[in-house]
Amino acid sequence: MKNFYRETVEDIMGALGVTEKGLNDEEVRKSREEYGFNELAEGAKKSTFQIFLQQFKDFLVIILIAAAVISAFLGKFESTIVILVVLVINAILGTVQHVKAEQSLNSLKALSSPTAKALRNGHRIEIPSREITVGDILYLDAGDYISADGRVIETYSLQVNESSLTGESESILKITEVIEGDNVSIGDRKNMVFSGSFVTYGRGVILVTGIGMDTEIGKIANLLESAKEKKTPLQVGLDKFGKKLAVGILAISVLIFVINILRGTPMLESLMFAVSLAVAAIPEALSSIVTIVLALGTQKMAKENAIVRKLHAVESLGSISVICSDKTGTLTQNKMTVQKVFVDDKVIENDKLDHDKKLERLLVFMALLCNDAVTTENKEIGDPTEVALVNLGAIYDLDELEIRRTYPRLGEIPFDSDRKLMSTVNKCDDDKTYMITKGALDVLLKRCSHVRKSDGVEPLTEEHKKEIEYINREFSESGLRVLAFAHKEFEEGKEVTLDDENDLTFLGLISMMDPPRKESKDAVASCINAGIKPVMITGDHKITASAIAKQIGILQGRDMAMEGYELDSIGDEELKSKVENIAVYARVSPEHKIRIVRAWQERGNVVAMTGDGVNDAPALKQADIGIAMGITGTEVAKDAAAMILTDDNFSTIVKSIANGRSIYANIKNSIKFLLSGNTAGIIAVLYASIAGLPIPFAPVHLLFINLVTDSLPAIAIGLEPHNENIMKEKPREINTPILDRTFGTEVIVEGIIIAICTVIAFYIGLSTNSTLVASTMAFATLCLARLFHGFNSRSRESIFKIGVFSNKFVWVALIIGVLLLQIVIGLKPLERVFEATQLNITQYLWVYGLALLPLVLIQLYKLIFVRGEK
Ligand code: ATP
C-alpha cells in the first residue's frame, strides 16, 4: 500500500491486519521478520583488529619498527624481538582501553535511548523505539519524539514540528481525515506523522506505516555517521599541548643523537636510542587516558542515577557555579496528597470532607473529568497532580473510569506549562454539555465572570476575588500547591478552542501537599558549601515556591523570589544586575528559563539547568549543562540535555558535581604522574650525555617503562575514589588550563627528584666497573621509582590523609609492575634480551631504597605543607 494519506484508517488497519487491540506477540514477530528493526543503517564500525592496527600508526612507532628491522639485519635479533614484543603489548593495552571505553560509552547510550508508548495485546506498554514495527498503534504526547512514520488515528490538538524533514519550523496541526491527491508533499500530509519529528502540543494516536530505512527520513538520510564522540575541550587542549611537547622532546632526542655520534657510538645504536627516548617520552597517551578515565567515571555516575549523554559534560560539571532546578519532582517528591479544599466560601480539611455536600461533590466530580490520570490497585498512571485528584475521588466513592464513561469527553485543550490551564468538554448529567477548566488560580480567576455557591451562581465581584485570593495565599504560605476549578455550559458539537477559556464560573480550590525530598536539604547545604548557588525555577505559585525553598534552604537571608511577570517587566541588563540575589523564580514559563541562564552566564558563571517539557529544550541547550528528568522528562528534553537524571532527584545533581570534580582531579593527577615520570627519564639521559657518562638505559628499558609498566598506575590514579574535601572547594574556573604553572613546577620538581635517585643508582652501578650492572640499576630504580610515584600522584594531599589503602588499584598496579620488572631483570634467560643483569643484595637494597626516596620525600612535604585540597 502506498500513499497512506489517501486511505482511511480502517482500510490501512485491514491491509496490515491490525485490530483495535494493537498487534499481538505473534503479529509483532511476523512483522519484525518482514520489516526488521526500526533503525537507520549505521556506517561501518571499526573492528577490534582495526583498532589494534591503528595503535601502530604513530609516526615514531613506525620509525622504531624500522629501526628494529634494521637491527635484525645487523644480527641483533634479541633487541628486535623485544622491541616488537613491547610494542605489541603496548598496542594490546591501547586496544583494550579503547574497546573498554567504547563499550562503556555505548552502554551509556543504550541507557538513554528513546522509547515509545505502544498498544500491544490490548495493553498500553512502553517499548524501545527500536522495537516499533509496522502495524503498531502508538500514543503520542507533547514532548515525544516520533520514531516511525504513521497515519494519524486520533488527535487532540496534536501539533508536530517537522523541521528536520521539511525545514519548516512552525508546528503542523494534525488531522485524521483522508487527503486526496497524488503528489501531496510531506508538509501537506497532515494526517500522517513522520519519523524524526516531535510533538510540540496536544496528543494523538497513530498507526505505524513505515519504520527504519523505509521512513521518509530513512529515504533521505544517508548512512548515519558512525557514532563518534567529539573530543572534549580537555582532550583538545591536551592534544595541542602534547604536540608542543613532542617538538621539544624531539629536539632533545636529536641533541642526544648528535652527542652520542660525536662520542663515537655507532650510528644505528645512537638512532635506536634517540628514537626510543622520543617514543618513551612523548606522551601520546594523554588524550586516551582522558577518554578511559571519563568513560569509567561515567559508568560510575550511571550507577548513581546520572546518565551522561555528552562526555564534555563530565569536565564542565566540576566548574558549575549555579544550579537552576525545577521544584516539582526534583526538589520535592512529586507525590501529592490533597490537604484542603475551598468551596462555597468554606475551607475544609481533608479529614472533614463530606460525601453529601453537593458543591463539594460537584467539584471533585469535575476534577475527575478534567483529568487524564488513572489509578489501579497497585499503579498510578499520569501526572501526580491529577493522581491526587483521582485519589480524592475515592473518598467520595467516585471511580474515575466509570465517571469518564458515563460523561464522555467531547473535546479538550491539553495542559501546558505556558498557559497553566487545562480544559475538557464533557457531556454531563441533564443532557447538558459543560466545559471544565482547571489550573493556576492567578490565570483562571482572570477568566471567570461568575462564582458558584450553594444557593446558585452569582456574578464574581471584587469582594469574591479578594476572598478567593486570600484563601489561595493562605494555602500557598504553608507550601501547598493550589489548583483552581471553573466551568461553564458549552454548545454541543462545537469545537473547543483557546478563546473558549473565558467567561467561566468559579467553583473552588483544591490544595495539595508535595513534601520536599528528604535529601534535598542536605544536598542544598552541600551545594552552598561547595560555592554553588542553587536556584529554584518553578511554574508553581510564588508563595508556595518560597515556602518550600525556605524549608530546604534555597531561600535564605536577603535572597528574593521573583515571578514570571516581573521578569517580563525588566530588561536583560537589569536582570543581570539582580540575578545573584534571586533564589526563586515562580510562575515562569520555559522562555524565562533561557533569560535566567543567560543572565548568570553573562556574569561569568557555569550554569546547570534542569528541564522536562518540550519547551524546555532551548534552555537546556543554552545551559552549560542541560539536565533532563529521566522519569517525568519528555524525549525532546532528554535529547537536548547533556545529562539525564534517572531518579529526577536534585541530590543526584550534587553527587554528579562531586563526581565531575573528582574525575577532573583524577585526570589531572594521572597526567601529572605520566609527565613527571617521563621528565625524570629525559633528565637522567640528558645528564648522562652531558656529564660524559655511558648511556644509562638500553632503548628497551625506556620502552618497557613507558609503554608497559607506566599505564597501569596511570589508570589506577584515574580511579581514585572521592576525596570528601572535594565539595569544600570553590568551583574550578572553566577556562583555567589543566596544565597551569603549579602543575608544571610540580612535574619538573618531581621529575628532577626521581632523576637524581636514578642517576645516583647509575653512579653506584658504575663503581662496580660494569656498565651492565650500572644500567640495570638505573633502569630498575627509574622503573620502581615511577611505580612508587603512583602513590604521590593520587592526590595533592598526603596518602596518610586520604588513606594508604583507599585506592586498591594503585596497589595492584604496583604489584604487577614490580613482578614484571623482576621477571625482566631477575630471570637469567631474559638477561640478554633485556640487556640487564642479576643484581646482588646490596645492589637491590640501593635500588629499592633510592626508588622509595622520592615517595618518602614527597609524602613528607605533603604531610607538612599541603592542607585540605586535592
Ligand atoms: P516545576 O516547574 O517546578 O516542575 P510545576 O510542576 O508546578 O513546577 P507546572 O507543571 O508548569 O510547574 O505547573 C504550573 C501550574 O500549573 C501549577 O502551579 C498548577 O497551578 C497548574 N497545573 C499543574 N498541573 C496541572 C494540570 N494537570 N492541569 C491543570 N493545571 C495544572
Side-chain angles (χ1 to χ4, degrees), residues 141-143 203 323-336 338 366-374 381-390 412-424 436-447 472 475-476 479-487 501 504 509-514 516-517 520 534-549 552 554 561 563-564 584-593 596 609-616 619-620 627-629 631-634 637 645 648-650:
D141 291 291
R203 58 190 186 94
I323 308 176
C324 297
S325 170
D326 282 337
K327 170 178 73 69
T328 311
T330 316
L331 290 159
T332 65
Q333 298 178 6
N334 211 8
K335 284 199 194 100
M336 318 239 185
V338 170
M366 292 201 165
L368 292 185
L369 286 179
C370 182
N371 188 323
D372 292 316
V374 182
I381 306 165
D383 176 355
T385 308
E386 298 194 339
V387 169
L389 299 175
V390 171
E412 69 180 71
I413 313 177
F415 172 73
D416 85 278
S417 44
D418 268 327
R419 206 170 97 258
K420 300 182 175 55
L421 294 178
M422 164 177 178
S423 297
T424 61
I436 308 167
T437 305
K438 75 175 194 305
L441 177 79
D442 25 346
V443 187
L444 191 75
L445 202 57
K446 291 194 193 109
R447 295 160 188 264
N472 181 46
F475 284 176
S476 305
L480 297 178
R481 177 180 172 89
V482 190
L483 272 189
F485 291 80
H487 64 104
E501 281 174 338
L504 295 157
L509 301 174
I510 298 182
S511 69
M512 43 193 95
M513 185 67 192
D514 177 19
R517 286 176 182 268
S520 292
V535 177
M536 177 192 277
I537 302 189
T538 175
D540 215 340
H541 196 276
K542 180 167 161 181
I543 302 173
T544 312
S546 303
I548 305 270
I552 54 181
I554 287 189
E563 276 196 61
V584 173
Y585 294 87
R587 286 286 189 248
V588 291
S589 49
E591 299 87 78
H592 292 130
K593 289 186 167 183
I596 300 168
M609 164 72 83
T610 68
D612 47 15
V614 52
N615 300 336
D616 288 337
L620 290 175
I627 303 173
M629 298 298 136
I631 305 170
T632 54
T634 56
L645 303 181
D648 289 14
N649 193 336
F650 179 79

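Counting starts at 1 for both ligands and their atoms, following the listed order. It should be emphasised that the depicted structure is a prediction, and the values quoted were computed from it without experimental measurement. Excluded from the calculations below are hydrogen atoms, water molecules and symmetry mates; all remaining heavy atoms, backbone and side chain alike, are included.
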shortest atom 20 (O) of ligand 1-to-protein heavy-atom contact is with A440 CA, 3.3 Å
Paired with K327, the side-chain contact (heavy atoms from CB on, under 4.5 Å) test is passed by just one of I552, N334, D540, namely D540
So the atoms of ligand 1 within less than 4.0 Å of a heavy atom of D326 turn out to be 2 (O), 3 (O)
In terms of heavy-atom contacts, I554 and P534 come closest through CG2-O, 3.7 Å
Short N or O distance, D612 and ligand 1, threshold 3.5 Å exclusive
no
| Charged N to carboxylate O under 4.0 angstrom, K593 versus D616? | yes
(message) Assess, by modelled atom type and distance only, whether the side chains of S423 and E501 contain a donor and an acceptor separated by less than 3.5 Å.
(response) yes
Per-atom filter on ligand 1: closer than 4.0 angstrom to a heavy atom of D383 are 24 (N), 27 (N)
the protein heavy atom lying closest to atom 4 (O) of ligand 1 turns out to be T328 CB, 3.5 Å
**Study point:** D612 vs T634 side-chain heavy atoms within contact, under 4.5 Å
**Key:** no
Do N371 and V390 come close enough that some side-chain heavy atom pair is under 4.5 Å?
-> yes
Open item on the list: Please confirm whether R587 approaches ligand 1 to less than 4.0 Å, judged on its heavy atoms.
Closed with: yes
With heavy atoms and a 4.0 Å threshold, my read on which part of D540 contacts ligand 1 is both
- Should V482 be listed as contacting ligand 1, given a heavy-atom distance under 4.0 Å as the test? yes
- When only distance counts, is T538 in polar contact with ligand 1, meaning an N/O pair under 3.5 Å? yes
Any heavy atom of M536 under 4.0 Å from ligand 1? The part involved is neither
Under 3.5 Å, is there a donor-acceptor pair linking the side chains of T632 and D648?
yes
In short, I548 meets G479 closest at the heavy-atom pair CD1-O, 3.8 Å
Of G539, S417, P590, the one whose closest heavy atom lies nearest atom 2 (O) of ligand 1 is G539
The atoms of ligand 1 lying under 4.0 Å from a heavy atom of L483, numbered in the order shown, are 19 (C), 20 (O), 21 (C), 22 (N), 30 (N), 31 (C)
Closest to atom 7 (O) of ligand 1 (heavy atoms only, candidates R481, K327, K438, K420) is R481
- E386 and K438 ion-paired at < 4.0 Å: yes
among protein heavy atoms, the one nearest atom 22 (N) of ligand 1 is F415 CE1, 3.3 Å
